[in-house]
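Not measured: the values here are computed from a predicted model. In what follows, every chain begins at residue 1, and chains take the letters A, B, ... in the order their sequences are listed.
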2 protein chains.
Amino acid sequence: MLDTFEIRLSGVTLESADLVVVLGGNANMDTAKTIIDTLAPDSLLRALSPEQLERLLAKSTRRSLKKGDVLINQGDEDGDFAVYLLSGALKISFVSAGGREIILNYSAPNELVGEIALLDSGPRTASVTAVVPSEALLLPTSTFLETVSTSPASVVGVMRELARRVRQLNLVVESDRTFSMGPRLARALVRLVDQNRDDGQLIYNPSQNDLGAFAGLARENVSRLLSEWESQGIIAREGRALLVRDAEYLELLAEFGDDI
Amino acid sequence: MLDTFEIRLSGVTLESADLVVVLGGNANMDTAKTIIDTLAPDSLLRALSPEQLERLLAKSTRRSLKKGDVLINQGDEDGDFAVYLLSGALKISFVSAGGREIILNYSAPNELVGEIALLDSGPRTASVTAVVPSEALLLPTSTFLETVSTSPASVVGVMRELARRVRQLNLVVESDRTFSMGPRLARALVRLVDQNRDDGQLIYNPSQNDLGAFAGLARENVSRLLSEWESQGIIAREGRALLVRDAEYLELLAEFGDDI
DNA sequence: TTGGGTATGTGATGAGCATCACTATTCAGC
DNA sequence: GCTGAATAGTGATGCTCATCACATACCCAA
């Protein structure tokens, strides 16, 4: 039973930016209440009973992240916590053998991140970075497993989340293998559209570099495609922010490839 | 509580082969005992208590599969059972929007298959086909979830299995995106090597077509690469069977790509 | 044994996209 | 506001690999 929970950040950050570790105190009962109140209705943590949730929160650490802060480094051996995102956006990425960055996902609030390493206790295979200022809960392994395995509802929730991820990855493999650039980028954009809004805004405004690493194509071609789509009115740009105007078209492209 | 368990096979088989449905009776106590005895030491089902296991088996259906028999069809709506492979080998694959087959995995005995659809209750996104004569247990959704969620050990086991799969898929995305043909094929072969033997035999002898669909390259190039590797002594062929002679080399290639 | 289906071997061709090279633009920090 | 760094736009080039087009080998069943 540990009451405080220390995070050690090691290794090299992706951007080799200076790393500022902001260790919050552990969430006390007060903040626990606050957090409970702000949990989204569809939150995974809602599956827990109030008592379980309170216990879990009491053992968790809350972290405020600035843009660029690194929560987890690929290669870290001390993979002893999972991350529950309260607000903001995280990037999950790794560096391939060839030295190129591959972005696996962007996570939105109320999503669980980094639980894979808890389950098979290997080193971290991906890095987790805040791409906008974010708030996150760090759940220690023991508490996480204990809580999850005593709550049938949350067990199914976590398994469901893992299942969703497997499906998602199957789709990525499909588009990587059989789709041309356009549909691949379309799929990336569709995944980035903020589901909580209806105006086609993204959960985060990626650079073309990031979009390329996410969709699996060269930055230059991201540029070319975006220009083309903008001229066709499929997307719009406000400054550097992207707006998806014709989501339906992009979804078709993402699902059926070039032969829509 | 249902005691018998009916499987409906619908849709079009991948090879459009005639489909023979062999419905076994449900496993009775006798066969349950037999099955328990033959479970591998590392089996997921070993996490269950003898009573739980017996209950699970009593509600399961045992299926004997001939080569080519289809257990699950991509698109099936009645995704209400998972598959536990007792012996043989299964192919998990789907047909992409472009009409090409993508092989996600080959599963070896004691592996769980098809549990994704149980968790998020969508249609089946992949097909499962026996590639050699096989024995499998079909576990109905309700029983599966009930058993799993009442056994903390097996919960963790199933989550671990899902986690393993996510990791595996991350690697596939990596090699698809950044590796050239050689390393991609190497990774496919490494995944196919039978871990229960030490002579470099594969768990199943795929056609070059299948190898291509598994590794993500054209059949013709599979042929070219295999010939090259054979002449270098990295692999050998006995008739149509492949033998991995220099597993270490292939593993290096699979891990680091061309720049080993 | 023969023939048709399936699996394999191998060259030639070209499409798709990464890469390079460079310019133009935007942004953050002093 | 200024300056260097990061981001973005765009043409030219060439490499990798899918595709096409065959030839060949193999297997099983009539």
Side-chain angles (χ1 to χ4, degrees), chain A residues 14-18 66-68 96 98-103 131-133 174-186 188 204-231 235-242 253 257-259, chain B residues 14-18 66-68 96 98-103 131 175-186 188 204-231 235-242 257-259:
Chain A
L14 287 181
E15 357 278 339
S16 78
D18 278 347
K66 298 198 308 299
K67 174 178 171 172
S96 79
R100 219 190 322 235
E101 185 185 14
I102 292 179
I103 297 177
V131 289
V132 295
E174 176 190 19
S175 59
D176 277 7
R177 290 212 182 153
T178 66
F179 287 177
S180 62
M181 295 193 304
R184 291 212 303 276
L185 185 58
Y204 151 69
N205 271 299
S207 68
Q208 294 184 354
N209 232 317
D210 282 2
L211 262 183
F214 190 37
L217 41 79
R219 195 222 89 220
E220 292 88 331
N221 293 322
V222 173
S223 178
R224 286 182 253 264
L225 280 169
L226 290 182
S227 299
E228 195 187 328
W229 286 348
E230 187 182 15
S231 74
I235 61 166
R237 306 201 233 192
E238 287 184 356
R240 194 151 284 177
L242 282 185
L253 210 55
D258 282 307
D259 37 36
Chain B
L14 287 180
E15 358 276 340
S16 78
D18 279 346
K66 298 198 310 299
K67 174 178 173 173
S96 80
R100 221 192 319 236
E101 184 185 14
I102 292 178
I103 296 176
V131 290
S175 59
D176 278 6
R177 288 210 184 155
T178 65
F179 287 178
S180 62
M181 296 193 303
R184 291 214 302 277
L185 185 58
Y204 150 70
N205 271 299
S207 68
Q208 294 185 354
N209 232 317
D210 282 2
L211 261 183
F214 191 37
L217 41 80
R219 194 222 90 219
E220 292 89 332
N221 293 322
V222 173
S223 177
R224 285 182 254 263
L225 280 169
L226 290 182
S227 298
E228 195 187 327
W229 287 347
E230 186 181 17
S231 74
I235 61 166
R237 306 200 232 194
E238 286 184 354
R240 193 152 285 175
L242 282 185
D258 282 307
D259 36 39

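Protein atom CD of A/E238 is 13 Å distant from nucleotide atom P of C/dC27, rounded to whole Å. At whole-Å resolution of the value, CZ in B/R184 and C1' in D/dC17 are 8 Å apart. In this structure, A/D210 atom CG and D/dT7 atom C1' are separated by 11 Å, rounded to whole Å. Distance, B/L185 CG to C/dT8 C1': 15 Å, rounded to whole Å. Taking atom CZ of residue A/R240 and atom P of nucleotide C/dA28, one finds them 8 Å apart after rounding to whole Å. In this structure, B/Q208 atom CD and C/dT8 atom P are separated by 4 Å, rounded to whole Å. Taking atom CG on A/L242 and atom P on D/dA8, their separation rounds to 9 Å, with Å as the unit. For B/D176 and D/dT16, the CG to P distance is 18 Å, given to the nearest whole Å.
Smallest separation of non-hydrogen atoms from A/P206 and A/L211: CG-CG, 3.7 Å. Taking each heavy atom of A/E101 and A/A213 in turn, the nearest pair found is O-CB, 3.4 Å. Taking both residues in full, the closest heavy atoms of A/L242 and A/N205 are given as N-OD1, 2.9 Å, listed atom of the first, atom of the second, then distance. Minimum interatomic distance between A/R219 and A/Q208 (heavy atoms only, all atoms of both residues): CG-C, 3.9 Å.
B/G212 comes within 4.0 angstrom of no nucleic acid atom, judged by non-hydrogen atoms across all strands. Nucleic acid contact for A/L226: none, since no nucleic acid atom lies under 4.0 Å from a heavy atom of the residue. Within 4.0 Å (heavy atoms only), B/R177 reaches no atom of the nucleic acid at all.
One finds the CG atom of B/N221 at 4.0 Å from the CE atom of B/M181 (value rounded to the nearest 0.5 Å).
With hydrogens and angles left out, the side chain of A/E220 and the base of C/dC17 share no donor-acceptor pair within 3.5 Å.
Among D/dG9, C/dT8, D/dC17, the nucleotide with an atom closest to any side-chain atom of B/R237 is C/dT8. Looking at the side chain of B/R224, the nearest of the listed nucleotides D/dT10, C/dG11, D/dA18 is C/dG11. Nearest to the side-chain atoms of B/R219 among the listed nucleotides C/dG9, D/dC20, D/dA12 stands C/dG9. When distances are taken from the side chain of B/S223 to each of C/dA12, C/dT8, D/dG9, the shortest belongs to C/dT8.
For the OP1/OP2 pair of D/dA6 and a distance below 4.0 Å, the side-chain nitrogens and oxygens of A/S207 include no atom meeting the criterion. Taking only side-chain nitrogens and oxygens, A/R100 comes nearer than 4.0 Å to OP1 or OP2 of C/dT19. Residue A/N221 places at least one side-chain N or O under 4.0 Å from the OP1 or OP2 atom of C/dA18.
Residue A/M181 is the one, among A/M181 and A/G239, whose nearest nucleotide of DNA chain C lies closer to the 5' end (criterion: closest heavy atom).
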